[in-house]
There are 2 protein chains.
Amino acid sequence: METHELFHTIHQLSRTLTKQVNETLHPFGLYSAQWAVLFVLKTKGAMPQSALCEYLAVEAPPMTRTIQRLARQGYVQQVPGEDKRVKVIHLTDKAHEAYPEWEKAVLTMNDRLLEQVPWEQRMLVQMALHDWLGKMKGDLHE
Amino acid sequence: METHELFHTIHQLSRTLTKQVNETLHPFGLYSAQWAVLFVLKTKGAMPQSALCEYLAVEAPPMTRTIQRLARQGYVQQVPGEDKRVKVIHLTDKAHEAYPEWEKAVLTMNDRLLEQVPWEQRMLVQMALHDWLGKMKGDLHE
DNA sequence: TCCAATTGATTACTTAGGTAACTAAATTAT
DNA sequence: ATAATTTAGTTACCTAAGTAATCAATTGGA
């Protein structure tokens with residue numbers, strides 16, 4: 001079996017998915033990277049920017065940009081922390097109010113994309129990929 | 001189970017993989033997008049730019065850029081086709097000569113990343129993901 | 001204590017991909 | 001046969017993520 005093929009499929013899937021999310025959120029003026037941040041803040045609550053980076057496994061610079069944009073749109077507020085270096089990111093009331101609509105659109109889209117895929121298969125693949133990722137990251141620190 | 005998690009894992013894997021390929025090819029002055037093109041040309045032979053796009057599932061503009069860069073580096077030649085609109089992309093002798101080294105580096109890296117993953121599991125996941133992709137693409141054209 | 005190293009965030013610049021609008025060549029239809 | 005449409009490729013501009021370098025605040029060690 002070709003490892004090339006496998007990796008190519010993963011890339012293609014990733015690109016197709018972001019494309020779908022972007023299309024879905026276009027009516028709300030949001031992009032996929034912004035949605036990822038909004039989702040984490042809604043489900044985990046306010047947190048420092050660095051925690052968002054770690055959670056989403058994204059470097060600091062792209063996170064700065066995404067958050068500044070969300071702030072410009074009034075969906076997020078950067079509150080200085082006790083440690084004056086950190087900025088704690090909060091969802092605004094405006095974001096909390098609009099969130100259910102966003103979530104509904106994304107969930108509907110997600111379900112549509114995988115509706116033909118049995119639940120156990122999703123579970124199996126999710127566990128396998130997560131496991132691979134862990135092993136790769138582990139390798140890199142050896 | 002959260003679809004969010006699954007999609008997030010796929011994105012993260014995709015990013016980790018391109019990062020690895022970029023690191024691996026850095027000594028040769030090549031980037032992951034270029035490698036994808038070189039690999040297809042080596043295994044499938046010369047083909048029009050549009051065929052490369054279709055094969056790699058990438059839009060025309062990024063392909064133009066990647067190919068122009070490869071041409072600048074002398075790894076690829078754009079030969080006008082019978083149809084004067086098409087440009088047939090050929091590997092140069094320089095590319096053929098260097099290819100084995102590139103391939104060895106990438107294959108070694110690929111194997112290292114998945115060495116702990118049993119062969120059948122790779123196969124299963126590859127088939128599942130490919131199947132999903134097909135279903136998604138199918139959906140979009142309904 | 002005070003200097004050195006670390007950490008959180010930003011800025012500048014890069015790769016990688018996407019859409020929209022365009023040109024030139026080829027094909028189809030009237 | 002010519003006008004209309006389609007196709008291959010490019011240009012301009014966008015999102016998304018990465019590295020390198022920098023700044024300010026904090027922490028640790030001599």
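In what follows, chains are A, B, ... by sequence order, proteins preceding strands, each numbered from 1.
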Novice: With a non-hydrogen cut-off below 4.0 angstrom, is T18(A) in contact with a base, only sugar-phosphate, or nothing?
Specialist: nothing
Novice: Any chance OH of Y55(B) has more than 12 other-residue heavy atoms, nucleotides or ligands included, within less than 6.0 Å?
Specialist: no
Novice: In whole angstroms, how far is the P atom of dA16(D) from the CG atom of L70(A)?
Specialist: 10 Å
Novice: Given atom CD of Q34(B) and atom P of dT15(C), what is their separation to the nearest angstrom?
Specialist: 9 Å
Novice: OP1 or OP2 of dA16(D) sitting under 4.0 Å from any side-chain N/O of R15(B)?
Specialist: no
Novice: Can you tell me which stems DNA chain C forms when a stem means 3 or more consecutive Watson-Crick or G-U pairs under 3.5 Å?
Specialist: C:1-30 with D:1-30
Novice: Using whole Å, what does the distance between atom C1' of nucleotide dT15(C) and atom CG of L25(B) come to?
Specialist: 13 Å
Novice: Mind calculating the distance between CG (L17(A)) and C1' (dT15(D)) to the nearest angstrom?
Specialist: 16 Å
Novice: Could you go step by step and tell me if Y75(A) and W102(A) meet the side-chain contact (heavy atoms from CB on, under 4.5 Å) rule?
Specialist: CA-CA 12 Å; Y75(A) 292 137; W102(A) 302 337; 3.7 Å; yes
Novice: Whole angstrom is fine here: how far is it from CD in Q20(B) over to C1' in dT15(C)?
Specialist: 16 Å
Novice: Just verifying a value: how many Å separate Q12(A) CD and E5(A) CD, rounded to the nearest 0.5 Å?
Specialist: 11.0 Å
Novice: Distance check needed: dA17(D) P versus L56(A) CG, whole Å only.
Specialist: 9 Å
Novice: Any side-chain heavy atom of M123(A) sitting closer than 4.5 Å to one from Q126(A)?
Specialist: no
Novice: Let me confirm one number: the CD1-OG1 distance from I10(B) to T18(A), rounded to the nearest 0.5 Å.
Specialist: 11.0 Å
Novice: Could you tell me whether W35(A) and Y99(A) have their ring centroids closer than 6.0 angstrom?
Specialist: yes
Novice: Take the protein atom CD of E23(B) and the nucleotide atom C1' of dT15(C), then report the distance between them rounded to whole Å.
Specialist: 14 Å
Novice: Distance check needed: dG18(D) C1' versus H11(B) NE2, whole Å only.
Specialist: 17 Å
Novice: If a protein heavy atom is under 4.0 Å from the base, mark B; if only from the sugar-phosphate, S; if neither, -; do that for nucleotides 6-14 of chain D going 5' to 3'.
Specialist: -BSSBBBB-
Novice: dA16(C), OP1 or OP2 - any side-chain N/O from N22(B) closer than 4.0 Å?
Specialist: yes
Novice: Classify T66(B) by what it touches in the nucleic acid, base, sugar-phosphate, or nothing, heavy-atom distance under 4.0 Å.
Specialist: nothing
Novice: Could you tell me if the side chain of D93(B) sits less than 4.5 Å from the side chain of E97(B), heavy atoms only?
Specialist: no
Novice: Tell me yes or no: between the side chains of H130(B) and T9(A), is some donor less than 3.5 Å from an acceptor?
Specialist: no
Novice: Has R69(B) got a side-chain atom pairing as donor or acceptor with Q34(B)'s backbone, closer than 3.5 angstrom?
Specialist: no
